[in-house]
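Residue numbers start from 1 in every chain, and the chains themselves are labelled A, B, ... in the order their sequence lines are given, proteins ahead of strands.
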Number of protein chains: 2
Amino acid sequence: MGQELDERKLKILKAIVHNYLETGEPVGSRTISKYTDLNLSSATIRNEMSDLEDMGYIVQPHTSAGRIPSDKGYRLYVDNMMKEKEEELSEKQQEITEMKEFLTEKVEQVEELLQNTAKLLANNTNYATVVSSPRFTKRIKFIQLSLINEDKMLCVVVMEGNVIKNKIVNLSKNIDGETVLKLNILFNSTLNGMTIEEINLGTISQITGQAGEQGELVRRVLEIIAEVAGSGEDMKIFTSGATNMLKYPELSDNVHASEIINVFEEKQQLETLITSSEEGSAGTGIQVYIGNETPVQNMKDCSVVTMTYDIGDGVQGTIGIIGPKRMDYEKVVENLKTVKKQLDDAFQNNT
Amino acid sequence: MGQELDERKLKILKAIVHNYLETGEPVGSRTISKYTDLNLSSATIRNEMSDLEDMGYIVQPHTSAGRIPSDKGYRLYVDNMMKEKEEELSEKQQEITEMKEFLTEKVEQVEELLQNTAKLLANNTNYATVVSSPRFTKRIKFIQLSLINEDKMLCVVVMEGNVIKNKIVNLSKNIDGETVLKLNILFNSTLNGMTIEEINLGTISQITGQAGEQGELVRRVLEIIAEVAGSGEDMKIFTSGATNMLKYPELSDNVHASEIINVFEEKQQLETLITSSEEGSAGTGIQVYIGNETPVQNMKDCSVVTMTYDIGDGVQGTIGIIGPKRMDYEKVVENLKTVKKQLDDAFQNNT
DNA sequence: TGTTAGCACTCACTTTAATAGAGTGCTAAT
DNA sequence: ATTAGCACTCTATTAAAGTGAGTGCTAACA
């Protein structure tokens, strides 16, 4: 198990994975013999492959078929690749600017930006994509309460990054315009610039204190602000390219297709995916789930590569690419990196 | 072509459609011979079927297979069914109350309501569903402009039915809080209760006149109000049950699946579907597209049944059910009717 | 000892042929 | 006008045979 692979085995494994990524067919010893620069006969390769299989890196769909990378094999491949790509920081300048133009063109609201990002990525990669809206460790920028009629009040919260949330509150007792005005001033002077987390008991009692007679109402509004702006509860998720998944034969059969498409329809499942990937990606921000590693059972025959994008301080949103296990990991990671950069920029300039 | 069908042919056609809806297999003469109460031998049925085929109501997938309803056949069947069901107004009381509870439970915002509706319908029918948000022939209830910082203004428009729209405006020149306050009063006193259509040149010049110095800004805001609240441009569409489509063998092959799922992902295509179905459904509000009749090419092998739901005056939103051509039209229509009623109620109480 | 050539063997996939069965169309009898 | 009967057609199923990619193993080789 823990046994290290020697140089040659590694090379062969890589070749197998690589070839399989391209063709989607089990790859045999003869192919590898020609494919690599090792100058080994197929027989030797066979021996090595046999070893690799014993070690669990590759699998035979049936006797007398070529080999296919196992999840473990993919994993090794990906980890290795990552290490190599680490400092390259790929300068596909042309593609980058192209993206930049696309992304910043006429995008005024965050949601549109994210949806566009998802679409762009999906088109570029031919896989499916997920983009989550930023989690709001962000600060409150502005609060606006407005009386709509006697018993209904509109509560709008603008967060940094120009994400706007709103909700209508049913009032238990009538209040007048003057009061609303005061409340607005109160809330804005107290809460602007704060994150949800920073609103602690102290702040709350301070506010309710100042509100005097309207303490009850203030408490309700605070709840609503928390609900409206708070946590990842109603994290929005944008997807694109789900149909791309049907292009890969190993996923296009009825069972798989249903399962996968379903994930994209019930975006809730994607939420868990994103949440857990945010937790998992410590270092580079890149997280790769291969096959069964994924937290979403329906995707056990896919691979998912996610990357978090930053806005200033603190982890924020996540971009994910979902494809068959034999997806082109290199390309995917590159794409993610460039897009991440774009998003970071977009939010930087926009905040 | 124009030739009427006699009683017997009609009965046979109905039997064929009915049987095919159930089994999904071509139906042969012997089956019909037993299936109906006509007491005719298979040979006779065969002759009749041959006629029906000549008239274009049924088709043979290949020689020596049974018959399948053509689009024309389905059409006749549906039209006939509709006529019969017209005044029944089906009282599946139990199911209705069940729905009612589900729909009105904890739904505070329109969008949630519609999404729930879509989901409910999809589950009930095992087909895919589309629900469009109401088109805003509706009136403006409330407008709120707020200064976020020196050069950004938030513009929120609440429509009747508590649909909230918002947008951030970049200001060309700075204005102060006082001005914003005045603008708010101006807009609200002038525009509240109006529909977008009613805001004509007269109103506009009236407002810009009163705004004096800020005329330029006012004009921009008006544009934004129109854009934000206006027309069906950003009509929202909710869908559910897309994966249900994969359950029907005639649609689950790769080509069809891709086409269909794609429609649900790119909701834009559904927009055209909804738009044109609103135009088409004059009388009962029910519109049935069978096969090629559909305005969305990707769905040429499906049937779509849509129904508009009302809120007070004027046509509003649309609910649609999408399934295979051999969908259970009766059930679908019944479901639509009950849901329509629920939605109508929900909006009545909520406005 | 590591590498290689060679060969028998396995197993999925393809092709072909044979067969069964559902359903039709037509004809002749009722 | 209806029906029984029969030849015919065409799909779907099954079985048999053949193909080919790929393996594992052995024996020879450097």
[X] [atom1] to [N] [atom2], straight-line distance once rounded to whole Å:
X	N	atom1	atom2	value
B:I45	D:dT2	CD1	P	10 Å
A:N39	C:dT3	CG	P	12 Å
B:D6	D:dT2	CG	C1'	15 Å
B:L38	D:dA1	CG	C1'	15 Å
A:D51	C:dG2	CG	P	11 Å

Sole candidate of A:M245, A:M327, A:K325 that passes side-chain contact (heavy atoms from CB on, under 4.5 Å) when paired with A:C302: A:M245

Sole candidate of A:Q269, A:Q268, A:Q297 that passes side-chain contact (heavy atoms from CB on, under 4.5 Å) when paired with A:V263: A:Q269

A:T44 vs C:dT4: side-chain N/O to OP1/OP2 distance below 4.0 Å: yes

Between A:R46 and A:S29, a side-chain donor and acceptor under 3.5 Å: yes

A:T272 versus A:T275, side-chain donor and acceptor atoms under 3.5 Å: no

Lys/Arg N to Asp/Glu carboxylate O, B:D79 vs B:R75, below 4.0 Å: yes

Letter per nucleotide, 5' to 3', of nucleotides 10-30 of chain D [B base touched, S only sugar-phosphate touched, - untouched; heavy atoms, 4.0 Å]: BS----------SBB------

Residue pairs, two or more places apart or on separate chains, that pass ring pair (Phe, Tyr, Trp, His ring centres under 6.0 Å) and touch residues 248-271 of chain B: B:Y127-B:Y248

